[in-house]
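Some notes on the structure that comes next.
By convention in this document, chain letters (A, B, ...) are assigned in the order of the sequence lines, proteins followed by strands, and residues within each chain are numbered from 1.
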Amino acid sequence: MGVLAFLLAIGLGFGLACLIFASVLAKSNDIGNSVASSGRYSVGISYDRSRDKLNRNERETFTTGYIHPEDYNPNEPASEKLVDQTGK
Amino acid sequence: MITQCKNCAGQLVFDPKKQKLVCDHCGSEFKPEEFDVSEKIPLWEQKAESMNDIYGTDSKEFMDCYVYTCHTCGGEVIINGTEASTKCIYCGSSTVVFNRISKQKRPKYIIPFNLSKEDAVESIRQRFKKGMFIPRDIKHFQADNVRGIYIPYWVVDCDHKASVVVSGIVGSGKHSRTVYYGRAGHLNLSKLPLDASKMLSDESSSRLEPFNLEGMKSFDEDYLLGFYSNVSDVTYGDLRKAACKRANEYFNQLVLDSIKGASSKKVIASNTLTKIDYNNLRYAMFPAWFVTYYHKGKHNTILVNGQTGKVVCGVPWNKVLFYTLLVITGIALTVVSFIVLKPILEAMFTSSSHSSSSSDSRFKLIAFFIVAAVGMFTLGITKIRKVIRSINLTQAQSIFNFVKKRQE
């Protein structure tokens, strides 16, 4: 029983220590690790469809059929072309 | 050079503190708007010549080497394929490659430097003072090189259409179950800045954000005086990929934040389309200070947002101190956990009831403790590795390469 308790204690103790010190290390040495939040560039998502508790069939089909071929821009500039301000 | 002091014809450089062009010789100050753009138009035709063309060779060594004539002394300045401004190695004056920022290639906007070189270095020192695991010799670092560089950006408007399926855990213990959520909608992004230089990674440049876009001014070459700059060299494919990646990250984060009452949420399936408004692409230059220092045989680079002063860097860490404190704390927490867990486990196993259901719940509880211990340990190690990876990202050689190949 003591052995089991010891093993569990090591996992919990060192695991918690790693979590604490990873946060401290990030705060200390990983400086400026953030990008601008989405709120800076948008007002939020405008939802067309929203469903909770999807069953298996719904899960498999939910992402299909939302984007249609006509949604794509047929006049998009070629991928290998350098970007310029004319957008052409 | 066209933009000369009106009083003594001396060299002008842009002073971030004063937000004016200042003469090196007589100290006169001028606003960039005081100089007529039309005087520079004849210079727009002067191109940088490829060294391979000059020597009539096809050498790989000269592939990205161009020669440009300094307007002040006539000396030959060697530049790469994307530099738009640099310093002449002979007379030290700022040299603007007008041809690369003329006509259709002319940026529309620029955010001038707001922070001087000294302020940038000072803000780094102040930030380093707070770092618990930053080695002492780095806290008192000597900058090897400090360069103000205008980074090219494309400021885009885009519409991101996506449908996603999110999984989440609801409930706790033996009552927990996985629930699936479906969300589909549009996210319109306006004035999203995307780095337009292939040499600088998007991960690094995006960390310089946010820039205050209200501070964008109409582009004028005179803001480049005293600084380095690059022109855009990305393709439409690169731009679409960058826009899609950013829009996707924002969309997924907003969806995950909107789902309440579930934990361990993640997007497990998605279908997305990002459409950029190509009629409204804005080419701009944003300022950043690049400060390099030498530590244990390796160059490290610190980025500072030249407008807001945000410092971005992964600093080498004091491994001895870190692991010593980690082990000591780990031992202390292990002792505390042992003191707490031992009586609980003993009580469970010496319980007077021997019914099968009681025995069953005892084993489930032990299994829960084992999973929690293993999970906590794995989570801790994973987090440390993630932080180390993030620190190494901004120590990447590519950032140093973006800075080093420039004239002094």
Notebook entry, point to check: What part of B:A247 lies closer than 4.5 angstrom to a heavy atom of chain A: side chain, backbone, both or neither?
Noted result: neither
Notebook entry, point to check: Quick one: do B:R389 and A:D30 make a salt bridge, cutoff under 4.0 Å?
Noted result: no
Item checked: Part of B:V255 within contact of chain A (heavy atom distance under 4.5 Å) -> both
Notebook entry, point to check: Is it the backbone or the side chain of B:F211 that comes under 4.5 Å from a heavy atom of chain A, or both, or neither?
Noted result: backbone
Notebook entry, point to check: For the residue pair B:W317 and B:I391, what are the closest heavy atoms and their distance?
Noted result: CD1-CD1, 4.3 Å
Next item on the list: Sort out for me which of B:A373, B:G237, B:S337 touches chain A most, counting heavy-atom pairs under 4.5 Å.
Entry: B:A373
Note to self: Report which part of B:R183 has an atom under 4.5 Å of a heavy atom belonging to chain A: side chain, backbone, both, or neither.
What the structure shows: both
Next item on the list: Can you tell me which residue pairs pass the salt bridge (charged side-chain N to carboxylate O under 4.0 Å, His left out) test with a partner in residues 245-255 of chain B, sequence neighbours excluded?
Entry: B:E203-B:K245, B:E209-B:R246, B:K245-B:E249
Notebook entry, point to check: Based on non-hydrogen pairs under 4.5 Å, which of B:I384, B:I388, B:V170, B:L239 is most in contact with chain A?
Noted result: B:I384
Next item on the list: Measure B:V374 against the heavy atoms of chain A and call it side chain, backbone, both or neither at under 4.5 Å.
Entry: neither
Notebook entry, point to check: Please walk me through it: do A:D48 and B:K161 pass salt bridge (charged side-chain N to carboxylate O under 4.0 Å, His left out)?
Noted result: CA-CA 10 Å; A:D48 294 326; B:K161 192 175 176 183; 6.0 Å; no
Checklist line | Contacting moiety of B:S258, where chain A heavy atoms sit under 4.5 Å | finding: side chain
Notebook entry, point to check: So what's closer than 4.5 Å to chain A heavy atoms on B:I339: side chain, backbone, both or neither?
Noted result: neither
Notebook entry, point to check: Can you say whether B:I344 sits under 4.5 Å from chain A via the side chain, the backbone, both, or neither, judging by heavy atoms?
Noted result: neither
Check: Considering only heavy atoms, which portion of B:K342 lies under 4.5 Å from any heavy atom of chain A: side chain, backbone, both, or neither?
Finding: both
Next item on the list: Check the side chains of B:K310 and A:S34 for a donor-acceptor pair under 3.5 angstrom, ignoring hydrogens and angles.
Entry: yes
Notebook entry, point to check: Who pairs with A:S23 by side-chain hydrogen bond (donor to acceptor under 3.5 Å, both in side chains), at least two apart in sequence or on another chain?
Noted result: B:K383
Notebook entry, point to check: With a 4.5 angstrom heavy-atom cut-off, which part of B:S270 approaches chain A: side chain, backbone, both or neither?
Noted result: backbone
Note to self: Tell me whether A:D84 is salt-bridged to A:K81, with the criterion being a basic N under 4.0 Å from an acidic carboxylate O.
What the structure shows: yes
